[in-house]
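Chain naming here is simple, since letters A, B, ... match the order of the sequence lines and numbering starts at 1 in each.
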There are 2 protein chains.
Amino acid sequence: MKHEDSPHTHHNHNDCIDTALDTAEILCAQQGQRLTKVRRRALELIWESHRPLGAYQLLAKLAEEGFNSAPPTVYRALDFLLGAGLIHKVESMNAYLGCAHADKAHKGYFLICDECHNVMEFDYQDIHAALIEKATHQGFELRAETIELTGLCAKCKAKPAGASA
Amino acid sequence: MKHEDSPHTHHNHNDCIDTALDTAEILCAQQGQRLTKVRRRALELIWESHRPLGAYQLLAKLAEEGFNSAPPTVYRALDFLLGAGLIHKVESMNAYLGCAHADKAHKGYFLICDECHNVMEFDYQDIHAALIEKATHQGFELRAETIELTGLCAKCKAKPAGASA
DNA sequence: TATAATTTTGTTATGATATAACAACTAAAA
DNA sequence: TTTTAGTTGTTATATCATAACAAAATTATA
């Protein structure tokens with residue numbers, strides 16, 4: 001169970017980004033996938049944001065850097081990154097988040113703060129196992145899991161309401 | 001653990017609708033909420049659909065019946081029904097589903113078939129408890145849970161691919 | 001290396017989902 | 001009955017996402 005730190009936990013986020021990008025390069029190479037300039041930069045920008053990034057926010061950043069500014073550009077990059085397991089989509093926010101352990105098969109489980117909108121990814125094998133069992137028991141063949149828990153994070157709980165981090 | 005039947009399990013769906021509407025009337029009355037014509041009819045239409053209904057699909061049905069056909073009409077009704085716990089939003093589909101046990105505080109856990117798009121609501125106290133514990137352990141105060149499992153339902157698994165129910 | 005096949009990107013247009021803002025109306029409370 | 005609160009009408013627009021086809025770049029094959 002790694003990377004359960006809040007985005008605000010003290011750590012050098014640049015290291016996270018570097019590691020994520022290195023992992024991405026390796027994974028793509030292994031799978032014969034091409035991590036092109038725009039895909040690589042999109043991944044980097046998603047990681048540079050501490051919070052899930054909307055497609056059009058990402059598009060704006062890419063456009064600033066001279067990439068094409070039409071929506072298909074960003075959605076293609078997102079599709080690629082999602083397919084490669086390098087990012088997750090947070091369904092309840094329509095936003096995208098770097099995946100901290102793309103190298104391991106896993107599910108994206110998230111704790112989302114209603115107040116500051118920070119998102120913490122967590123992994124929970126017990127829950128995964130229980131869900132698999134539940135689904136199987138209903139004759140259902142599980143393909144994907146969307147688990148998004150919303151509420152108040154520890155930081156925001158300690159703060160007066162409205163003062164988002 | 002009720003109402004785990006597939007929408008295609010043999011049962012008289014009209015009874016479900018009637019029960020849901022009766023429950024809605026009672027709940028709204030108890031809470032001093034007004035289940036107006038458009039809200040009531042929206043709820044009914046959502047229930048009449050065996051699958052989650054998109055906002056604009058619902059809007060079209062309401063418009064056919066003489067209700068105002070501008071988007072705010074339907075989104076207001078949906079907001080009201082969501083707030084009252086009478087429906088759920090399936091985030092991964094951007095669609096809305098009648099809640100089968102609005103009278104009990106509960107979470108919306110769903111099994112969603114990729115093939116036929118039918119959705120089965122389920123309730124799972126063990127998972128709920130585990131998630132609460134997990135969140136609390138992180139200092140997180142849980143407010144809502146979105147659990148959407150996608151895959152292949154028993155019916156579709158038994159069928160040749162493409163032949164959606 | 002040429003050329004064919006495949007993948008990626010550019011471009012225009014549009015579809016799908018959702019909300020802001022303010023006016024008009026209606027039901028409930030004072 | 002007048003106020004108040006809640007609901008609905010209306011117009012406009014914001015936000016999220018994809019279709020379709022052309023052009024370019026990369027990779028594979030002859």
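Here E48(B) pairs with R41(B) under the salt bridge (Lys or Arg N to Asp or Glu O under 4.0 Å) rule; sequence neighbours left out. Applying the salt bridge (Lys or Arg N to Asp or Glu O under 4.0 Å) rule to D79(A) yields no partners; only residues at least two apart in sequence or on another chain are considered.
What separates CG of L35(B) from P of dA28(C) is a distance of 13 Å, to the nearest Å. Between L82(B) atom CG and dA18(C) atom P there is a gap of 10 Å when expressed in whole angstrom units. K37(B) has its NZ atom 14 Å from the C1' atom of dT7(D), to the nearest Å. Here dT8(D) presents its C1' atom at 9 Å from CZ of R39(B), a figure rounded to the nearest Å. The CG atom of L59(B) sits 13 Å away from the C1' atom of dG9(D) (whole-angstrom rounding).
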> Once each nucleotide of nucleotides 15-29 of chain D is scored for protein heavy atoms under 4.0 Å, what B/S/- sequence comes out, 5' to 3'?
Replying inline: -BBBBB-----S---

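Residue N68(B) has its side chain nearest to dT10(D) when only dT8(D), dT10(D), dT11(C) are considered.
Within 6.0 Å of CD on E65(B) lie more than 12 heavy atoms contributed by other residues, nucleotides or ligands.
Here K157(B) does not pair with E115(B) in a salt bridge; the nearest charged N to carboxylate O distance is not below 4.0 Å.
When every heavy atom of P52(B) is checked against every heavy atom of M93(B), the shortest pair comes out as CG-SD, 4.0 Å. Closest heavy-atom contact between A135(A) and L111(B): CB-CD2, 4.0 Å.
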